[in-house]
Amino acid sequence: MIANRGEIAIRVMKTAKKMGISTVAVYSEADADALHVQMADEAYCIGPAPSKDSYLNQAKIIEVAKLTQTDGIHPGYGFLSENASFAKLVEDNGIRFIGPSPHSISIMGSKLDAKAAVSGYDIPMVPGTEGAVESSEIGKKVAKEIGYPVLIKASAGGGGKGMRLVDNEIEFEEQFNRAKSEARSSFGNDEVFVEKYITSPRHIEIQVLTDNHGNGIYLFERDCSIQRRHQKVVEEAPSGKISEEIRNAMGLDALKVASSCDYSGAGTVEFIMDDKGNYFFLEMNTRLQVEHPVTEMITGVDLVEQQIKIARGEKLSIKQEDLKINGHSIELRVYAENAKEGFKPSIGTLDKYAIPSGDGVRVDHGFSQGHEIPIYYDPMIAKLVVWAETRREAITKMIQAISEYKIEGVETTLEFGSFVLNHEEFKSAAYDTKFVEKYFNDFLDSDKNSEALKIAALISGVHWNKHIQKV
Ligand code: MV4
């Protein structure tokens, strides 16, 4: 059973079919016509459109699993994928959870628990407090020691939620109180800690696979620095800026992080890297990630197949020395959003929908022509993934693929993707997490320029017809 929807439900079913496993889909009333429902061997409606009534309805999902004699549940990403209580409920009902144990999920779901778990494993961490900071006075003392600017982070946060930047001591108390009350209202847990702020980091994450027999491998890195307000836009593997030596050190450190919580399955260890190439452990994501395809493209490993085998209790059959990086892969997330209006969701019907194709082009999507993008869920339409021998060729292939992608009926982020891929800073691989913030206005201007050029071309055409041609 796939307890999810859209492209990831389809992605998981593809591998299940390849492995001869029959599939059960669940869906909300908004998704009755969805592709993931059509593709499954069996499909059951689990409630109304809002996620809390359907894709987050644990009791209903278990009820369908029991009815269909489901052996294992794949949670995809989002929804219930990092919910330790759900993983436990699944196992308590005699069903395999295709993911790590509730214990691993729970440790990595708390940043303070994660820090405590990895301490003693000699993993580089950003300078800061070890435990929760109880008062603004204590926090200020630490901040003075490590030096401003500092970040106040919520232990229960993640993906950028519940973070406060503090530039100097005068602002500390106010930001501390805000961070605490935000954490309390958003996560029901107001524990916060303080870290030195790394100004313009790169976001580098390592894919790992570990089994229940103590074996683990790392499948190299993905650079996910191109993002907007913690929403990733472009991801690539390998990073264009990492030496073999750092790559291997990060890989081994990522495996230590996995060991620290007895991890089993596919996981991602997130690091930030400063402008001198120092890297620091941030958090571990205990799920299959949206951007997993770029890793599959450069390693040839089907990560979902490995997840299923590990959940069955099999030993990892791939050894570290079997793995090598083959070529280069880039992913662009195609959202139903109007980039020019601050990435406002653009909901509607896909009146025209034609995907690019060809060697080294992969599109993971959950819609086809005529489908409506529901307002209830994430507005991602598709992931456009390319592979080529070299980074340069992969960039060229992506630019070509974007131009062949035809979507009408909703606004999309394809044009913004083209802006990123054509940018010198992207081409030189020198970008960091400030990229979108730094260049967004250039994107707006480039658009105005191209509008101006179009108008100029039209005017000169009219002029030619009216005056010059007659001469
Ligand atoms: C940081 C940081 C700088 N210094 N921690 C954002 C998401 C969450 N996983 C942690 N994040 C950050 N933590 C310290 N000490 C900068 C970020 C950050 C970031 C990290 C990864 C990718 C994109 C980011 C965008 C803004 C801030």
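We count ligands from 1, going down the list as the structure has it; atoms in each ligand are counted the same way.
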May I ask you to decide if the ring planes of Phe220 and Tyr218 are parallel, tilted or perpendicular, using 30° and 60° as cut-offs? perpendicular
Does anything in residues 380-390 form a side-chain hydrogen bond (donor to acceptor under 3.5 Å, both in side chains)? List the pairs, not counting sequence neighbours. Glu7-Lys383, Thr390-Glu393
Show the atoms of ligand 1 that are less than 4.0 angstrom away from any heavy atom in His203. 21 (C), 22 (C)
Geometric class of the Phe419/Phe435 ring pair [parallel <30°, tilted 30-60°, perpendicular >60°]: tilted
Between Asp322 and Lys319, is there a salt bridge with N-O shorter than 4.0 Å? no
Below the 3.5 angstrom mark, is there an N/O of Glu283, backbone or side chain, next to an N/O of ligand 1? yes
Just go through Lys153, Glu270, Met163 and tell me whose heavy atom is the nearest to atom 9 (N) of ligand 1. Glu270
Mind checking what makes ring-ring contact (aromatic ring centres under 6.0 Å, His included) contact with His203, not counting sequence neighbours? none
Give the atom numbers and elements of ligand 1 that come within less than 4.0 Å of a heavy atom of Tyr197. 3 (C), 4 (N)
For the 3.5 Å polar cut-off, considering only N or O atoms, please tell me whether Leu282 and ligand 1 meet it. no
Polar contacts were defined as any N/O atom of the residue lying under 3.5 Å from an N/O atom of the ligand; does this apply to Lys196 and ligand 1? yes
Salt-bridged, Lys115 to Glu130, with N to O below 4.0 Å? no
What do we get for Thr199 next to ligand 1 when only non-hydrogen atoms under 4.0 Å count, side chain, backbone, both or neither? neither
Taking N or O atoms only and a 3.5 Å limit, does Glu195 qualify as a polar contact for ligand 1? yes
